[in-house]
Amino acid sequence: MKLILLSGWGVDRRIWQTLSEHWPNTVDPSAVEWPGYGDAPALPTPTHIEALAERMASKLPSDAVWVGWSLGGLLATALLNHLPPPKALLLLGAGSRFCSDAESDGGVRSDELASFKRAFHRDPVATWRHFLRWQAQGEPNAREAHRQLRARLGEAPHADTDTLAQGLMWLETLDNRALLASPPCPIRRLAGAHDPLLPSSTRQQALRLEAAGHCPMLSQPAPLAARLAEQATRALQEPR
């Protein structure tokens, strides 16, 4: 069973290395980079989902299960309209949109994202570092999760500023509600029970990972690998 692992905003595929020793033998995982991350050439910016689909077509085979984390989940969902759909899609820490509709629902509000974007334009690297601290907050040991993030990712993002700015635009504008209401493949959702970036309504719709936040690959690598393999297998058993 092939799993294609897709990372989120400001984070390259090294985030998935924590799972490498925990995958069941039935799983063949492959972490791929979005354009502009790691060694992958960037797309011209601003860009559109169609251009992203063209670039990612060879990296997202239809005979695999895609696993999209955070912004990676939003983008993977959006690409279902532009690429042959996978056997299944697993959304980890991702809903139909990034921003929350209501303050009472938790998650990230539109005004908070707008403030984050302004800070990013003033100082991209400092804002990226702040985001690493932010997304580690829901883990049982937030300090240790943040230390792991910094140890794996370094002192600066492995993506250029234009690519990161484009990612923030996608976080602001992508709305996959209609697509998720009638998806072209089985979709399973997983979320940390204490994810600070997800609205409570999104977490309630997902299979919850207890004692985890937005980065369960750091705090719960073995349970996460097992759950992803389990949910992929179950999704493949659903009628197409």
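From a predicted model like this one, the values you see are computed outputs, not experimental measurements.
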Would you give the length of the straight line joining atom [atom1] of [X] to atom [atom2] of [Y], rounded to the nearest 0.5 angstrom?
X	Y	atom1	atom2	value
L52	R55	CG	CZ	9.0 Å
M217	H22	CE	NE2	12.5 Å
L190	Q231	CG	CD	5.5 Å
W128	L153	CH2	CG	5.0 Å
Q205	L180	CD	CG	9.0 Å
W23	M1	CH2	CE	8.5 Å

Any donor-acceptor pair under 3.5 Å linking the side chain of [X] with the backbone of [Y]?
X	Y	answer
Q166	T47	yes
S115	D111	no
D175	R177	yes

Query raised in the report: Do the rings of H130 and F116 sit parallel, tilted or perpendicular, given the 30° and 60° boundaries?
Result: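 Ring orientation of H130 relative to F116: tilted.
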Report task. Describe, in one word, how the ring planes of H214 and W69 are oriented to each other, choosing from parallel (under 30°), tilted (30 to 60°) and perpendicular (over 60°). Result -> tilted
Between [X] and [Y], what is the shortest heavy-atom contact and its length?
X	Y	result
K87	D63	CE-O, 3.7 Å
L3	V27	CD1-CG1, 3.6 Å
A145	L218	O-CD1, 3.5 Å
L164	Y37	CD2-OH, 3.5 Å
L89	G68	CD1-N, 4.4 Å
L74	N176	O-ND2, 3.1 Å

Any chain of hydrophobic side-chain contacts (each under 4.5 Å) joining [X] to [Y]?
X	Y	result
W9	V125	no
W170	F120	yes
L43	M169	no

Report task. Evaluate the side-chain proximity of I15 to L149: yes if any heavy-atom separation is below 4.5 Å, no if none is. Result ->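 When only atoms from C-beta onward are counted, I15 and L149 do touch, with a gap below 4.5 Å.
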Query raised in the report: Taking the side chain as C-beta and beyond, is there a heavy-atom pair between M56 and W34 under 4.5 Å?
Result: yes
Query raised in the report: Only one of L197, T202, D195 clears side-chain contact (heavy atoms from CB on, under 4.5 Å) with P199; which?
Result: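 Going through L197, T202, D195 one by one, the side-chain contact (heavy atoms from CB on, under 4.5 Å) with P199 is satisfied by T202 alone.
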Report task. Please assess L90 against W66 for the test side chain to side chain contact (heavy atoms under 4.5 Å, CB included), listing each intermediate value before the final yes or no. Result -> CA-CA 6 Å; L90 305 186; W66 302 352; over 6 Å; no
Query raised in the report: Does the pair E238/R234 count as a salt bridge with the N-to-O cut at 4.0 Å?
Result: no
Query raised in the report: Do S201 and D105 get their side chains close enough for a donor-acceptor pair, meaning under 3.5 Å?
Result: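 Note: S201 and D105 side chains meet the donor-acceptor criterion.
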Report task. Go through the side-chain N and O atoms of D12 and S7 and say whether any donor and acceptor fall under 3.5 Å apart. Result ->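 S7 and D12 do not have a side-chain donor-acceptor pair below 3.5 Å.
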Report task. Check the pair C185, L80 against side chain to side chain contact (heavy atoms under 4.5 Å, CB included), reporting the backbone distance first and the verdict last. Result -> CA-CA 9 Å; C185 67; L80 295 177; 4.2 Å; yes
Report summary line: side chain to side chain donor-acceptor pair (under 3.5 Å) with S219: of Q148, H194, E139, only one passes, and it is E139
Heavy-atom count around [X] [atom1] within 6.0 Å, excluding the residue itself: above 12?
X	atom1	answer
R109	CZ	yes
D39	CG	no
E144	CD	yes

**Report entry** Steps toward side chain to side chain contact (heavy atoms under 4.5 Å, CB included) verdict (Q220, R227)
**Finding:** CA-CA 10 Å; Q220 306 288 330; R227 283 295 181 90; over 6 Å; no
Requested in this report: Evaluate side chain to side chain contact (heavy atoms under 4.5 Å, CB included) for V32 paired with L5, printing each intermediate quantity in order.
Outcome: CA-CA 6 Å; V32 304; L5 309 174; over 6 Å; no
